[in-house]
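Atoms within each ligand, like the ligands themselves, are counted from 1 in listed order.
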Amino acid sequence: MYKKHRKNSEYSKGPHLILIGFMGSGKTSIGRGLSYKLRRAFHDTDRMIEEKEGMSISEIFASKGESAFRQMETEVLREIRDDRIGRIYSLGGGTPVRMENQPLIKKCGTVCYLRITAEEVYERLKGDTTRPLLQCDDPLSRIRELIAKRGPAYERCADIIVDTGSISRDQVMEAILEELRKLGWDIPVIEKTEKEENEDTGDQRTEP
Ligand code: S3P
């Protein structure tokens, strides 16, 4: 009996919503919005790693190197797989590339790939200094090269693919919720908009 239970949990899909996609595809912003809409906690794995290490991603790359960072990503994925309370997680853009991470990601839950073009990423991240991989002379070529290389890995992991470039944040969230409904997710009905709820919370805080 115990063995059977262990086998089932080993192979069944986990309870989380996992957001994957290239840097700048909106994983964090969409994750925060969906956290409100799905009434689930949201975590960003880059922030989890930064908290554990007590330094920024750039500092980790500089002092420990990229391969140490990739190992940290795999360790965080194992923690997510073992967490049985349904949450929303956004993964760093490079996490799905490592072969051993791909089955791990799929085991964590329902995986949503936020797809974006190189040109859109470039526009969104121009001037950003927090992504070590894009600190080079020709970031657009680098982005093109990385997206071409990573696209198949993202697609292999994904249960849902949403093209994010030409539509608004709200439309991206609606598209994801629609796909989740089709997959049998129970989506809570929320009367107020995110903005209205935030305003209400703000009002209460300022009341004497
Ligand atoms: C990386 C993406 C970053 C961060 C690190 C490496 C990548 O995360 O993990 O800079 O390899 O694409 P975001 O996708 O959240 O920017």
- prompt: What residue and heavy atom of the protein are closest to atom 14 (O) of ligand 1, and at what distance?
  reply: Lys27 NZ, 2.5 Å

- prompt: So, Lys13 and Asp159, do they make that salt bridge, N to O below 4.0 Å?
  reply: yes

- prompt: atom 12 (O) of ligand 1: which of Glu73, Arg131, Arg150 has the nearest heavy atom?
  reply: Arg150

- prompt: Going through the checks in order, is the side chain to side chain contact (heavy atoms under 4.5 Å, CB included) test met by Tyr113 and Glu155?
  reply: CA-CA 7 Å; Tyr113 168 26; Glu155 282 172 22; 3.9 Å; yes

- prompt: Below 4.0 angstrom, N of the basic side chain to O of the carboxylate: do Glu59 and Lys64 qualify?
  reply: no

- request: Test Lys52 against every option in Glu73, Glu75, Glu79 by the salt bridge (Lys or Arg N to Asp or Glu O under 4.0 Å) rule and name the one that passes.
  value: Glu79

task: List every atom of ligand 1 that sits less than 4.0 Å from any heavy atom of Pro132, numbering the atoms from 1 in the order shown and giving each element.
output: 10 (O)

task: Would you please say whether a donor-acceptor pair under 3.5 Å links the side chains of Gln71 and Thr74?
output: no

message: At under 4.0 Å between heavy atoms, is it the side chain or the backbone of Leu133 that contacts ligand 1, or both, or neither?
response: side chain

- prompt: Can you tell which part of Arg70 has a heavy atom less than 4.0 Å from ligand 1: side chain, backbone, both or neither?
  reply: side chain

task: Answer yes or no: is there a donor N or O on one side and an acceptor on the other, between the side chain of Ser35 and the main chain of Gly31, under 3.5 Å?
output: no

task: May I ask you to check whether Phe61 has an N/O atom sitting below 3.5 Å from an N/O atom of ligand 1?
output: no

query: Short N/O distance, under 3.5 Å, between Gly21 and ligand 1?
result: no

field: Residue and atom name of the nearest protein heavy atom (relative to atom 3 (C) of ligand 1), distance in Å to one decimal
entry: Asp46 OD2, 3.5 Å

message: One thing to verify: whether Arg70 and Glu100 come together as a salt bridge, which I'm taking to mean a side-chain N less than 4.0 angstrom from a carboxylate O.
response: no

Protein heavy atom at shortest distance from atom 5 (C) of ligand 1: Ile57 CG2, 3.8 Å

field: Atom indices of ligand 1, in the order listed, that fall short of 4.0 Å to a heavy atom of Phe69
entry: 9 (O)

